[in-house]
Amino acid sequence: MPLLHSGRRRTKLDRKYNGPPRQGPVRHISPAQLNLERVYEQNRANVQKRDATKLPEPAPGPAAKGKPRLLLMGQRRSGKSSISSVVFHKMPPNETLFLESTARIQKDSMHSFMDFQVWDFPGQVDFMDPSFDLDAIFGEIGALIWVIDAQDEYLEAINRLNNTILNLQPTYPNINIEVFIHKVDGLSDDYKLDIQRDIMQRIQDELSDHGVENAPINFHLTSIYNHSIFEAFSKVIQKLIPHLPTLEALLNDLCRSCRFEKAYLFDVLSKIYIATDPSPVDMPSYEICSDYIDVIVDVSEIYGWGRSPEYITSLEGEPWNTKIEDQVACKDAESAIVLTDMKRPIMLREVNKYLALVAVMREGSFERMPLVTLNVDTTVQGLAEVFEITKQKEARG
Amino acid sequence: MEHMSNLSIHDDGAASSPVSEPRKQKKKKVLLMGKSGSGKSSMRSIIFSNYVAKDTRRLGATIDVDLSHVKFLGNLTLNLWDCGGQDAFMENYLSQQRQHVFSNVGVLIYVFDIESRDFDRDLLTYRSIIGALSQFSPTASVYILVHKMDLVVPNQREEIYSDRVSLIEAKSDSFSPIPFATSIWDQSLYKAWAEIIHDLVPNLDQIEKHLGSLGKIIMAEEVLLFERSSFLVVSSWCSDVGGQNPTTDRFERLSNIIKNFKQSTSRYTGTPKSAEQFSLFELKLNIFSMFIIKFTTNTYLAVILPPGEERFNSAMENCYIARQQFEELDSPAKRGTDRGATGEVAA
């Protein structure tokens, strides 16, 4: 029965794979959005499905001024498209195996707490060629992300990166250059650090030979199979947020007054954290908070179906006699879980349709939850105001 | 607790050796059988040992019979026999160990690999197993899991599955097997096992009745009772409104979500995966609210409510009050013979 054997171990080369053809990043609408955001995204996806060329948003390009831009560059097959699919399209990491190689620049517009664009470049094209309009590409750039495959020969990649930096430095000295040393899953910790040191050394040497010192280059060890890619993107995006210090100060105050161990402000859709309190970020707490968002989103998806109006009316009748809006304490999603180990609670609170505040609390502090809720309320108001102000500025500018 | 031999639990297999082993009366023998490599040990590890699907890759072949005792709700101990499926072992079960293996069986779970190249031979083996079973445990119930469904192209799943099932049913003698299509990569596995477990738990009808009255009192939309370690839904009640939920596979999905999150918490806290991971979970949205609490020794209780702070708090309070009553249903041995007489749920 040949049909039964077609499913297993599908690779890009396997001709027998008879699933749907996969081209470019697939838009994966999955449970990753709370309330409004989900509806919005679904509508957008539907429109996109119906008419692939017409987006409900302004197409990225010269018209979309003021949106920071993330450029993904690097050698071919280094994992650029996989990164953007996993981080921004919720694709499960093992499905990235089916991605075709990118032939032309893929422009993605991310509509979130802050609008930004992600441009995915084909690896084989050299953009230093004078036939390209450098200003159109690098003019409004927020960060240049250079992906290096750590499991492959990387000398060529470093050479190209150096050339790019040297070419850009005179004209655009303020571009943040983020080097993702990618595919490090499966490498030993020592080996990872060796590679990182080697790559840093080579780049620094080359640049200082050409008289470029202190170029803003950062290095990240990443893999799509764990949270490291989200963590790296979090750091990249944070540099683009103008009011980051304010957000951090708010979170810091909250942590002090409620005695939180760690608080994160998450972008729910991509699960990038856009701000955190100043205590050092540890991977485990980031992971647990990000997984907790998944739980909330998945559960809300199961039970968040629309109840009939008659039922709602009956809930507002005897013995309550109040509107359902007044029966709830908080109009946004709020949630908490108490871990058995050390009795540590984790709390989540929706800030607006894109953002959620997630915090790990001190052990045994669940009894003080009402007080915490009050403090969180105030902080959330503060956060909302911060975003309101920047939005107005953008509108005026 | 096993000394309480006077409990009136109907063990299907008890008839064959009631006098010689009065202590084992409560241990139902569950046989897990199927061809080698069909995924028996994988599913057992996922359900009972908190493995995630990809962890099962490191499992080797089962040699002979892998015995395990799984403590479960209502003082039930599952006596799980994971039988290695290689031909040599199979022959051994059917000849020398025939009586040893097939006597006193409560449940036979037979796993078919959908990808199998020689389905006719699988059927033949199945047929001899059924023969042996009808000889020694004619009252056993039989479940058929058609496994690895994820390897079939989605639009053909239905057709191939029903085709297989009808062939299997034709070979089942006097037994009427209950079929399931499963895969370790989605929630279908939880659905199958939840139903199997559901049939095994003693005094479940009582638990269900009490769960219903609890649900009505706290005005819940849905009340679910989870087994502590496997997080399978053992019992559920839902109101008229709760029943309108368009997500019909929600129990399995919920099991799946919570089990996955338990993996994360165990990584975070550094405690073993089998340990209890959380004691309370609450979620309040403007369309519904929900909580999951540690309930009795072996269970967690999940309650889905309409939104509203007062409703939420009083419901949780009531559930904690009801806990005592359920504790007695859960481990009846503590109270002895009058276990059936537990009163109404506290209001």
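Every chain is numbered from 1 and lettered A, B, ... according to where its sequence line falls, protein lines coming before strand lines.
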Query raised in the report: With a 4.5 angstrom heavy-atom cut-off, which part of B:Thr271 approaches chain A: side chain, backbone, both or neither?
Result: side chain
Query raised in the report: Which atom names give the shortest non-hydrogen contact between A:Ile224 and A:Thr96, and what distance separates them?
Result: CD1-OG1, 3.6 Å
**Report entry** Which portion of B:Glu222 sits near chain A, non-hydrogen atoms under 4.5 angstrom
**Finding:** side chain
**Report entry** Per-residue contact mode, B:Arg267 against chain A (heavy atom under 4.5 angstrom)
**Finding:** side chain
Query raised in the report: Do B:Tyr300 and B:Phe281 pass the ring-ring contact (aromatic ring centres under 6.0 Å, His included) test, and can you show the C-alpha distance, the side-chain angles, and the key distance before you say yes or no?
Result: CA-CA 11 Å; B:Tyr300 276 85; B:Phe281 165 80; over 10 Å; no
Query raised in the report: Does any heavy atom of chain B fall under 4.5 Å from the side chain of A:Glu287, the backbone, both, or neither of them?
Result: side chain
Query raised in the report: Which answer fits B:Ile304, side chain, backbone, both or neither, if we ask what part of it has an atom under 4.5 Å from a heavy atom of chain A?
Result: side chain
Query raised in the report: Can the positive tip of A:Lys262 be found less than 6.0 Å from the middle of the six-membered ring of A:Tyr264, inside 45° of the ring normal?
Result: yes
Query raised in the report: With only heavy atoms counted, which part of A:Tyr311 is less than 4.5 Å from chain B, the side chain, the backbone, both or neither?
Result: side chain
Report task. Below 4.5 Å from any heavy atom of chain B, which atoms of A:Phe366 appear? Answer side chain, backbone, both or neither. Result -> side chain
Report task. Under 4.5 Å heavy-atom distance to chain A, tell me which part of B:Glu276 shows up: side chain, backbone, both or neither. Result -> both
**Report entry** Shortest non-hydrogen contact from B:Thr182 toward B:Ala192
**Finding:** CG2-CB, 3.7 Å
Report summary line: Heavy-atom nearest pair, A:Val380 first then A:Glu350, reads CG1-O, 4.4 Å
Query raised in the report: Among B:Thr247, B:Ile292, B:Ile257, who wins on heavy-atom pairs under 4.5 Å with chain A?
Result: B:Ile257
Requested in this report: Kindly give the heavy-atom pair with the smallest separation between B:Ser289 and B:Pro307, and that separation in Å.
Outcome: OG-CA, 4.0 Å
Query raised in the report: Got a salt bridge between B:Asp113 and B:Lys35, using NZ or NE/NH1/NH2 to carboxylate O under 4.0 Å?
Result: no
Report summary line: Most contact-rich option vs chain B, by heavy-atom pairs under 4.5 angstrom, among A:Val299, A:Leu315, A:Ile302, is A:Ile302
